[in-house]
Asks: 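Shown below is the structure under consideration.
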Amino acid sequence: ILELYTRFMVNTNHAAEEVKPVLREMLAINPESNMARNLLLEYAVEDNDTAEVVRIAKPAVDYSIDDPVFYYYLGVAYFQMDSAQLTVKTFKKGLQHVNDQTNLQLLTNMYALMGDAYHQLGDSKHAYECYDSCLLYRPDEAMVLNNYAYYLSLEDSHLDRAEEMSRRSLEKEPDSPTYLDTYAWILFKQKKYAEAKEY
């Protein structure tokens with residue numbers, strides 16, 4: 001009955017604040033209600049409420065619900081809370097639930113953020129593995145190309161590869177100040193000073 005009532009409220013454009021108590025009541029009765037948890041998660045994401053995202057998504061992960069969306073948003077929330085270890089742990093668990101129906105953007109975002117979290121933990125090896133996995137699915141993911149290139153340049157490692165990845169990110173977003181800065185920095189590291197100054 002609560003599920004039918006919720007569908008009626010959503011279809012008749014009731015405000016989120018009216019729908020949320022009904023959804024919470026549904027979860028109190030059945031904590032594994034995907035419909036209620038998904039809709040509450042959607043509202044929390046729309047409100048940019050990180051703490052609420054954790055409150056909604058963490059029980060889904062604890063129940064081992066196999067929808068990778070919960071793992072993704074919980075991992076993002078942990079990342080926003082500067083908890084790199086929990087981010088990695090959550091995404092690793094979420095990747096076990098990925099299948100052919102999983103949204104490709106969600107999958108690549110998971111790998112990209114997990115790479116950033118590993119980098120925060122000082123684990124370059126696993127960070128680069130995550131970036132490589134992301135680029136395997138989406139070779140032109142500009143943010144990953146930029147971050148990967150920048151981190152390689154900080155290590156003075158594989159500068160030719162870093163330059164190529166940075167250039168590809170600029171091809172996708174030629175006016176990005178961040179990507180221009182990374183490319184100039186890599187050119188500088190390669191001692192291509194005139195080009196670096198131009199960028």
Side-chain angles (χ1 to χ4, degrees), residues 1-117 120 130 133-147 169 172-173 175-176 178:
I1 290 170
L2 287 170
E3 185 172 327
L4 288 171
Y5 183 41
T6 300
R7 291 183 191 281
F8 166 76
M9 293 177 86
V10 170
N11 288 335
T12 52
N13 299 316
H14 280 64
E17 294 310 313
E18 294 178 78
V19 182
K20 287 177 190 177
V22 182
L23 295 171
R24 290 190 189 101
E25 192 175 344
M26 285 173 67
L27 283 181
I29 295 167
N30 176 17
E32 296 183 43
S33 170
N34 248 11
M35 183 248 192
R37 201 168 293 282
N38 266 308
L39 199 46
L40 278 170
L41 181 62
E42 190 178 312
Y43 288 140
V45 170
E46 281 175 9
D47 294 340
N48 203 23
D49 187 341
T50 303
E52 182 69 2
V53 168
V54 172
R55 276 193 295 276
I56 295 159
K58 190 175 183 311
V61 168
D62 292 342
Y63 288 124
S64 294
I65 291 174
D66 61 2
D67 187 347
V69 167
F70 293 112
Y71 298 86
Y72 171 69
Y73 282 108
L74 182 59
V76 169
Y78 284 145
F79 188 78
Q80 290 172 339
M81 295 162 71
D82 293 322
S83 184
Q85 284 185 322
L86 284 174
T87 301
V88 168
K89 182 180 175 184
T90 303
F91 284 152
K92 281 173 79 171
K93 199 172 174 184
L95 287 169
Q96 296 171 8
H97 298 281
V98 166
N99 56 42
D100 293 342
Q101 274 67 55
T102 302
N103 179 288
L104 188 59
Q105 189 66 58
L106 182 142
L107 174 62
T108 55
N109 286 352
M110 212 182 279
Y111 275 122
L113 278 177
M114 189 159 63
D116 290 345
Q120 286 181 6
C130 289
S133 295
C134 176
L135 295 173
L136 186 68
Y137 291 101
R138 297 179 74 93
D140 295 323
E141 193 69 37
M143 186 182 70
V144 172
L145 288 167
N146 175 77
N147 291 358
S169 72
K172 296 294 291 182
E173 297 184 37
D175 298 322
S176 166
T178 302

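Note: hydrogens, waters and symmetry copies are ignored here, and every other heavy atom, side chains too, is used. Just so it is clear, the model here is predicted, and its values are computed rather than measured.
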Asks: Looking at every non-hydrogen atom in both residues, tell me the closest pair between Pro68 and Gly94 and how far apart they are.
Replies: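 Smallest interatomic distance, heavy atoms only, reads CB-O, 4.1 Å.
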
Asks: List for me each residue that meets side-chain hydrogen bond (donor to acceptor under 3.5 Å, both in side chains) alongside Glu32, sequence neighbours excluded, and say none if there are none.
Replies: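 For Glu32 there are no side-chain hydrogen bond (donor to acceptor under 3.5 Å, both in side chains) partners, ignoring immediate neighbours.
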
Asks: Atom OH in Tyr78, atom CD in Gln85: separation rounded to 0.5 Å?
Replies: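 It is 12.5 Å, given to the nearest 0.5 Å.
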
Asks: Testing the basics here: between Val69 and Leu106, what is the closest heavy-atom pair and its distance to 0.1 Å?
Replies: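 Nearest pair, atom of Val69 first, then Leu106: CG2-CD1, 3.8 Å.
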
Asks: Under the side chain to side chain contact (heavy atoms under 4.5 Å, CB included) criterion, do Met81 and Val54 qualify, and how do the steps go?
Replies: CA-CA 10 Å; Met81 295 162 71; Val54 172; 3.9 Å; yes

Asks: More than 12 foreign heavy atoms under 6.0 Å from CD of Gln80: is that the case here?
Replies: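 More than 12 within 6.0 Å, yes.
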
Asks: Before you tell me yes or no, could you show the steps for Asn38 and Phe70 under side chain to side chain contact (heavy atoms under 4.5 Å, CB included), namely the whole-Å CA-CA distance, both residues' side-chain angles and the distance that decides it to 0.1 Å?
Replies: CA-CA 8 Å; Asn38 266 308; Phe70 293 112; 3.7 Å; yes

Asks: Is the backbone N or O of Phe79 less than 3.5 Å from a side-chain atom of Thr87, with the two atoms forming a donor-acceptor pair by type?
Replies: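 Yes: the side chain of Thr87 pairs with the backbone of Phe79.
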
Asks: Determine the minimum heavy-atom distance between Tyr71 and Thr90, stating which atoms define it.
Replies: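 For Tyr71 and Thr90, the tightest heavy-atom pair comes out as O-CG2, 3.3 Å.
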
Asks: Enter the distance from Leu40:CG to Met26:CE here, rounded to the nearest 0.5 Å.
Replies: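 It is 9.0 Å, given to the nearest 0.5 Å.
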
Asks: Calculate, to the nearest 0.5 Å, the distance between atoms OG and NZ belonging to Ser83 and Lys89 respectively.
Replies: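 Output value for this atom pair is 10.0 Å.
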
Asks: Which residue, Arg37, Lys58, Arg24, forms the salt bridge (Lys or Arg N to Asp or Glu O under 4.0 Å) with Glu52?
Replies: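 The single option meeting the salt bridge (Lys or Arg N to Asp or Glu O under 4.0 Å) with Glu52 is Arg24.
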
Asks: Can a donor-acceptor pair be found, under 3.5 Å and without considering hydrogens, that links the side chain of Asn11 to the backbone of Arg7?
Replies: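 Between the backbone of Arg7 and the side chain of Asn11 there is a qualifying donor-acceptor contact (under 3.5 Å).
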
Asks: Could you check whether any side-chain N or O of Asn99 sits under 3.5 Å from a backbone N or O of Thr102, counting only pairs where one atom can act as donor and the other as acceptor?
Replies: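 Indeed, once roles are kept as given, a pair shorter than 3.5 Å links the two residues.
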
Asks: So with a 6.0 Å cut-off around OH of Tyr73, is the heavy-atom count from everything else above 12?
Replies: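 No, because the 6.0 Å sphere around OH of Tyr73 holds 12 heavy atoms or fewer from other groups.
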
Asks: If you look at every heavy atom in Val53 and Leu74, which pair is closest and at what distance?
Replies: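 For Val53 versus Leu74, the nearest heavy atoms are CG1-N, 4.4 Å.
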
Asks: Roughly how far, to the nearest 0.5 Å, is OG1 of Thr12 from CD of Glu18?
Replies: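 Separation between the atoms: 8.5 Å.
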
Asks: Name the orientation class of the two ring planes belonging to Tyr111 and Tyr137 (parallel below 30°, tilted from 30 to 60°, perpendicular beyond 60°).
Replies: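 Aromatic pair Tyr111/Tyr137 classed parallel.
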
Asks: Measure the spacing between CZ of Phe91 and CG of Leu107 and express it to the nearest 0.5 Å.
Replies: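 Interatomic distance, Phe91 CZ to Leu107 CG, rounded to 0.5 Å: 11.0 Å.
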
Asks: Are a donor atom and an acceptor atom from the side chains of Asn109 and Gln105 found within less than 3.5 Å of each other?
Replies: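 Distance-only check passes for Asn109 and Gln105.
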
Asks: Mind listing the closest non-hydrogen atom pair of Glu141 and Thr108 along with its distance?
Replies: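 Closest approach of Glu141 to Thr108, heavy atoms only: OE1-OG1, 4.3 Å.
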
Asks: For the atom pair OG (Ser133) and CG (Leu95), what is the distance rounded to the nearest 0.5 Å?
Replies: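 The distance works out to 8.5 Å.
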
Asks: If we only count heavy atoms from C-beta on, is the Leu23 to Tyr43 side-chain gap below 4.5 Å?
Replies: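 Heavy-atom side-chain distance check passes, below 4.5 Å.
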
Asks: Give the intermediate values and the outcome of salt bridge (Lys or Arg N to Asp or Glu O under 4.0 Å) for residues Glu46 and Lys20.
Replies: CA-CA 13 Å; Glu46 281 175 9; Lys20 287 177 190 177; over 6 Å; no

Asks: Looking only at heavy atoms, what is the nearest atom pair of Leu145 and Pro139, with distance?
Replies: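 Closest pair (atom of Leu145, atom of Pro139, distance): CD1-O, 3.7 Å.
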
